[in-house]
Amino acid sequence: QAELVESGGGQGQTGGSLRLSCLASGHVFSTYNIGWFREAPGKDRDYVAIISPKDGRTNYVDSVKGGFTISADSAKNMVHMQMANLEPEDTAVYFCAALLEVVHPQAVEYWGQGTQVTVSA
């Protein structure tokens, strides 16, 4: 059974909104911080946002502050990322990730399978 399973994403329009969800196993949800990374075509996998399910602390990359909101639902072991004010530059495969303190792709303990987000102009 996968530790992280993403859902949501798909097609969006500039200025519109989409929501991503990540279902975590109980072990992962109670042990790790849960974050989102994204990988655009031909680019590296970059950090987007993270939340600590234990205390609700959040952090975002500067480029999405004010537009993306990450949240955790402890009753369902789920993390959501509401993406508003979408831009074509947000087009990427989005990955849910479980990690401890260091926010870097190499520090990720578990990855989800990825979900495509495409934003049209």
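This is a predicted model, so every value here is computed, not measured. When reading the values below, keep in mind they use all heavy atoms of this one structure, side chains included, and skip hydrogens, waters and symmetry mates. Position 1 is the first residue of the sequence, and the numbers go up from there.
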What pairs meet the disulfide (SG to SG under 2.5 Å) rule with one or both residues in [range], with sequence neighbours excluded?
{"range": "residues 26-62", "value": "none"}
{"range": "residues 44-77", "value": "none"}
{"range": "residues 57-96", "value": "C22-C96"}

Tell me every residue that passes side-chain hydrogen bond (donor to acceptor under 3.5 Å, both in side chains) with K65, counting only those two or more places apart in sequence or in another chain.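 For K65 the side-chain hydrogen bond (donor to acceptor under 3.5 Å, both in side chains) partners, ignoring immediate neighbours, are D62.
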Write out all pairs satisfying salt bridge (charged side-chain N to carboxylate O under 4.0 Å, His left out) with one or both partners inside residues 93-105, taking only residues at least two apart or from two chains.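 Sorted pair list comes back empty.
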Pairs where residues 70-79 contributes a residue and the test side-chain hydrogen bond (donor to acceptor under 3.5 Å, both in side chains) is met, not counting sequence neighbours: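 Every pair satisfying side-chain hydrogen bond (donor to acceptor under 3.5 Å, both in side chains) with a residue in residues 70-79: there are none.
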Check whether any side-chain N or O of [X] sits under 3.5 Å from a backbone N or O of [Y] as a donor-acceptor pair, and report yes or no.
{"X": "T31", "Y": "V28", "result": "no"}
{"X": "N85", "Y": "G67", "result": "no"}
{"X": "E6", "Y": "T115", "result": "no"}

Under 3.5 Å, which donor-acceptor pairs do the side chains of residues 36-46 form with other protein atoms, sequence neighbours left out?
residue: R38; atom: NH1; partner: D90; partner atom: OD1; Å: 2.9
residue: R38; atom: NH1; partner: Y94; partner atom: OH; Å: 2.9
residue: E39; atom: OE1; partner: R45; partner atom: NE; Å: 2.8
residue: E39; atom: OE1; partner: R45; partner atom: NH2; Å: 3.1

Does one hydrophobic cluster hold both [X] and [Y], with members joined at side-chain heavy-atom distances below 4.5 Å?
{"X": "I70", "Y": "L23", "answer": "no"}
{"X": "I50", "Y": "V108", "answer": "yes"}
{"X": "F29", "Y": "W111", "answer": "yes"}
{"X": "V117", "Y": "M78", "answer": "no"}
{"X": "M83", "Y": "V61", "answer": "yes"}

Under the ring-ring contact (aromatic ring centres under 6.0 Å, His included) definition, can you give me all pairs with a residue in residues 55-78, not counting sequence neighbours?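 The answer is none; no pair qualifies.
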Who passes ring pair (Phe, Tyr, Trp, His ring centres under 6.0 Å) against Y110, sequence neighbours left out?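 In terms of ring pair (Phe, Tyr, Trp, His ring centres under 6.0 Å), with neighbours along the sequence ignored, Y110 is linked to Y32.
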Quick check: closest heavy atoms across L4 and A24, and the distance to 0.1 Å?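 Between these two residues, the closest heavy atoms are CD2-CB, 3.7 Å.
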If you compare all heavy atoms of P53 against all heavy atoms of N33, which two are closest, and at what distance to 0.1 Å?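 Closest pair (atom of P53, atom of N33, distance): CD-CA, 4.1 Å.
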Let me have the donor-acceptor pairs involving side chains of residues 8-21, under 3.5 Å, with sequence neighbours excluded, atom names and distances please.
residue: T14; atom: OG1; partner: S120; partner atom: O; Å: 2.9
residue: S21; atom: OG; partner: H80; partner atom: ND1; Å: 2.8

Answer whether the closest heavy-atom distance between the side chains of V48 and M81 falls below 4.5 Å.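 V48 vs M81: side chains touch.
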Residues that D55 engages under side-chain contact (heavy atoms from CB on, under 4.5 Å), provided they are two or more places apart: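 Listed in chain order: S52, R57.
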Who else is in V102's hydrophobic cluster (ILVMFWY, side-chain heavy atoms under 4.5 Å, direct or via others)?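 None; V102 is a cluster of one.
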Q82 and T69: side chain to side chain donor-acceptor pair (under 3.5 Å), yes or no, with the steps? CA-CA 5 Å; Q82 183 70 35; T69 303; over 6 Å; no
